Amino acid sequence: MPFTTPRGTHDILPDEARRWQWLEARFRHACALAGFGEIRTPMFEETDLFARGVGEDTDIVTKQMYSFTSPGNDRLTLRPEGTAGVVRAAIQHSLLTPGNVEKLFYYGPTFRYERPAKGRFRQFAQLGVEVFGAPGPDIDAELLAFASDFLAGIGLCTAVLEINSVGCPECRPLYRDALRNALAGVRGELCPDCDRRYDSNPLRILDCKVERCRELSADVPVILDVLCEPCKTHLAGVEAGLRALGVAFVVNPHIVRGLDYYTRTAFEFIAGNLGAQNTVLAGGRYDGLVAELGGPATPGIGFAAGVERLLLSVGEGAGETERPGVVYLAALDANARDTALVLATTLRRAGVPTALDYLSRSLKAQMRDANRQGAWYVLILGGDEMTRGEAALRDMRGASQSTLALDAVVPYFRDVYAGLSTTVDKE
RNA sequence: GUGGGUAUAGCUCAGUAGGUUAGAGCGCCAGGUUGUGGCCCUGGAGGUCGGCGGUUCGAGCCCGCUUAUCCACCCCA
C-alpha cells in the first residue's frame, strides 16, 4: 500500500457520501426555515485570528493548530473551528451594523491536530450557526430549540441538552478566586492534571473524570451562586424560554467550554452511544468576541456540531435515501452498442437516469449488472428487434417484458421519470 | 503527549503445541441458458500473513523495533 490517508483523516466512499448529503440537506433545510443565510469562509485564516479569537492559552491554539508559513511569509492556519472566521468575515463586510440581527450558517472541513479516537479526527466537518446582534435570552432559547429540533429531525431525539452559565468578565474572575479558595486546602489530593489546572484554569477541575477529584469538588461553590445579577437574570430567561418552547434540559454547573470567548450561556447536547467523545453539538454565547476581533461591540451566540459524530451517533441505517432506479441499456452486438451509447446520452439529456455496459459483456452479465445497480428497466437492444426498429423492454421490478419502438424510447421514459427527483432527498 | 488492544484475500474473520501447496463466508468473474437479473449449483481469479530485523533445521504463529489503526486519558465537534 504505497499511499494511504494521513493519520486521523479518511476517505468517504459513495455509500457513505450519500449519508453525508442527507445530513447536509437536513441541516440546510432547517437553516432555511429559521432564516439563516449561508456563509462560506476560507479554510485557512491568519494565525493571529485564531490566537486572539479562540484564546492564546487554549489547547486548540497551543497544540492543535495546523499552522504554516506561506511562500509569501504569511502566517496561516487551517481553521480549527468555525466561529472566528465567520466573525472576521462579518466584520470585514460590515454585516454587523447596530440594530441589525445577522443569522449565518456554515458547513465545512475543520482541522485539529489531536490523537485520533472514536468520534475524533484530525480533519472533520463541522456545521454550525451564528446569530449576531441579539443580546436577549430569548434568542438563546430559540437557538437551542432550533438545535434540538434539528437533532430530533435526524433521529437523535435522545440527545440530552445540558446548559450552564459561564458568567461574564464581571463575575467569572470572582468565581475563579472562589474555586481556588475552596480547593486550596485539598490541593495536594488533586490529580496531577487538576493540580496544574488549579493555576491555569480552575474551572476545568469541575470537569475532571477522576473519582477523587469529583469528590473533592463535589461541594465546592457553584458558579451559579457567584453570577452577577445580569448574568443570573439572563440564565433565568433562557430557562424560561426553553420551558415555553418545550425543550427539555438540565442545568449542569460543571459545563466548561474549551474556548475562551464564551460568556454566559454555554451548552452541550450529549449523545449516549459515542464513548468518550459524546458531545454531539455544543456552543454558547460570545458577547465579547466581535469587539475583541476589532469589530463593533456586538453580542453573538452560536453552536457547532461534528458531522462524523452526528453520523456515528445516528447509526448505519439512517440517511439511506430512495432514488429512482436507472434505465439500463443492454446491447448484444457492436451495432447495438453504438445505438445504446447515443440513446443513453439522449435519455440523460431528457433527464432520465441511464446506465449501460462498457465491457461488451454477455447479456446475462449485463442483466446482473443492471440488477446490482438497482435498475428499474432494462432496454435490450438485440439484432432481431432492432431490424424491426424495436427493442425489448424488461421491467426489473415486476419481471414483465414487452416491446417498445426505438423512436418511442425517449418520450416513454421522459414520462415515466417526469417529476421524480434524481438527486438526493430534499428532506 | 501518556497507556492498552489489534494488524492474515476487496470486506468480516478462522488458522489447532512453530512443521508440506495459508482457509471460510460474503463480494468479484465465468459456466449451468443457443439473447435475460434476483434464488440455487459448479468452477475460477485474488494474499510480500502491515514493514524491518532476530531466535530456529523450519515462523502467519516466538522475541525486538517500526508503522498504521482502534480504545481510553488529555481535550473537544
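On a predicted model such as this, the values are computed, not experimentally measured, just so you know. Letters go in sequence order (proteins before strands), and every chain restarts at 1. Atom set for the values below is all heavy atoms of this structure, side chains included, hydrogens, waters and symmetry mates excluded.
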Find the distance [X]:[atom1] to [N]:[atom2] and express it as a whole number of Å.
{"X": "A/Asp333", "N": "B/U34", "atom1": "CG", "atom2": "P", "answer": "16 Å"}
{"X": "A/Ile270", "N": "B/A77", "atom1": "CD1", "atom2": "C1'", "answer": "11 Å"}
{"X": "A/Leu332", "N": "B/U34", "atom1": "CG", "atom2": "P", "answer": "12 Å"}
{"X": "A/Arg79", "N": "B/A77", "atom1": "CZ", "atom2": "C1'", "answer": "13 Å"}
{"X": "A/Tyr107", "N": "B/A77", "atom1": "OH", "atom2": "P", "answer": "17 Å"}
{"X": "A/Lys63", "N": "B/C75", "atom1": "NZ", "atom2": "C1'", "answer": "7 Å"}
{"X": "A/Asp59", "N": "B/U2", "atom1": "CG", "atom2": "C1'", "answer": "14 Å"}
{"X": "A/Asp11", "N": "B/U69", "atom1": "CG", "atom2": "P", "answer": "12 Å"}

Tell me, for nucleotides 25-32 of chain B in 5' to 3' order, what letter each nucleotide earns: B for a base near a protein heavy atom under 4.0 Å, S for only sugar-phosphate near one, - for neither? ---SSS-B

Taking the [atom1] atom of each, how far is [N] from [M], in whole Å?
{"N": "B/G18", "M": "B/C71", "atom1": "C1'", "answer": "31 Å"}
{"N": "B/A45", "M": "B/G31", "atom1": "P", "answer": "16 Å"}
{"N": "B/U66", "M": "B/C75", "atom1": "C1'", "answer": "28 Å"}
{"N": "B/C28", "M": "B/U16", "atom1": "C1'", "answer": "31 Å"}
{"N": "B/G51", "M": "B/U6", "atom1": "C1'", "answer": "16 Å"}
{"N": "B/G53", "M": "B/G10", "atom1": "C1'", "answer": "31 Å"}
{"N": "B/U20", "M": "B/C39", "atom1": "C1'", "answer": "40 Å"}
{"N": "B/U2", "M": "B/C57", "atom1": "C1'", "answer": "43 Å"}

If you draw a 6.0 Å radius around [atom1] in [X], do more than 12 non-hydrogen atoms from other residues or ligands fall strictly inside?
{"X": "A/Arg75", "atom1": "CZ", "answer": "no"}
{"X": "A/Arg40", "atom1": "CZ", "answer": "no"}
{"X": "A/Tyr175", "atom1": "OH", "answer": "yes"}

Taking only the side-chain heavy atoms of [X] (C-beta and beyond), determine which of [options] contains the nearest atom.
{"X": "A/Ala117", "options": "B/U36, B/A77, B/A72", "answer": "B/A72"}
{"X": "A/Ile380", "options": "B/U36, B/A77, B/G38", "answer": "B/U36"}
{"X": "A/Gln64", "options": "B/C71, B/C75, B/G35", "answer": "B/C75"}
{"X": "A/Asp384", "options": "B/U36, B/C70, B/G35", "answer": "B/G35"}

For the pair A/Thr354 (side chain) and A/Leu347 (backbone), establish whether a donor and an acceptor sit closer than 3.5 Å, ignoring hydrogens and angles.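 Judged by distance alone, no pair lies under 3.5 Å.
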
Just by distance, do the side chain of A/Asp11 and the backbone of A/Leu13 share a donor-acceptor pair under 3.5 Å?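 Checking the backbone N and O of A/Leu13 against the side chain of A/Asp11, no donor-acceptor pair under 3.5 Å is found.
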
[Y] and [X] side chains, donor-acceptor separation under 3.5 Å:
{"X": "A/Arg394", "Y": "A/Gln401", "answer": "yes"}
{"X": "A/Tyr328", "Y": "A/Asp369", "answer": "yes"}
{"X": "A/Glu130", "Y": "A/Thr83", "answer": "yes"}
{"X": "A/Tyr66", "Y": "A/Gln123", "answer": "no"}

Any N or O donor-acceptor pair under 3.5 Å from the base of [N] to the side chain of [X]?
{"X": "A/Arg115", "N": "B/G3", "result": "yes"}
{"X": "A/Gln366", "N": "B/U36", "result": "no"}
{"X": "A/Asn371", "N": "B/G37", "result": "yes"}

Pair pattern of RNA chain B in dot-bracket, where unpaired bases get dots and | marks partners in another strand, Watson-Crick or G-U under 3.5 angstrom: (((((((..((((.....[...)))).(((((.......))))).....(((((..]....))))))))))))....

Using a 4.0 Å heavy-atom cut-off across all strands, classify [X] as base, sugar-phosphate, or nothing.
{"X": "A/Gly128", "answer": "nothing"}
{"X": "A/Phe121", "answer": "base"}
{"X": "A/Gly82", "answer": "nothing"}
{"X": "A/Asp369", "answer": "nothing"}
{"X": "A/Gln401", "answer": "base"}
{"X": "A/Glu385", "answer": "base"}
{"X": "A/Ala125", "answer": "nothing"}

Name the residue closer to the 5' end of RNA chain B, choosing between A/Ala305 and A/Lys118 according to the nucleotide with the nearest heavy atom.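 The answer here is A/Lys118.
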
Start at the 5' end of RNA chain B and walk down; is the nucleotide closest to A/Arg112 or to A/Thr9 reached first?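 The 5'-side residue here is A/Thr9.
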
Distance under 6.0 Å and angle within 45° of ring axis: A/Arg122 vs A/Tyr113: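 Cation-pi check for A/Arg122 and A/Tyr113: passes.
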
Would you please test A/Leu356 and A/Tyr358 for side chain to side chain contact (heavy atoms under 4.5 Å, CB included) and show each step? CA-CA 7 Å; A/Leu356 68 166; A/Tyr358 302 105; 3.8 Å; yes

Could you tell me whether A/Asp384 and A/Arg388 have a side-chain N and a carboxylate O separated by less than 4.0 Å?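 A/Arg388 and A/Asp384: not salt-bridged.
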
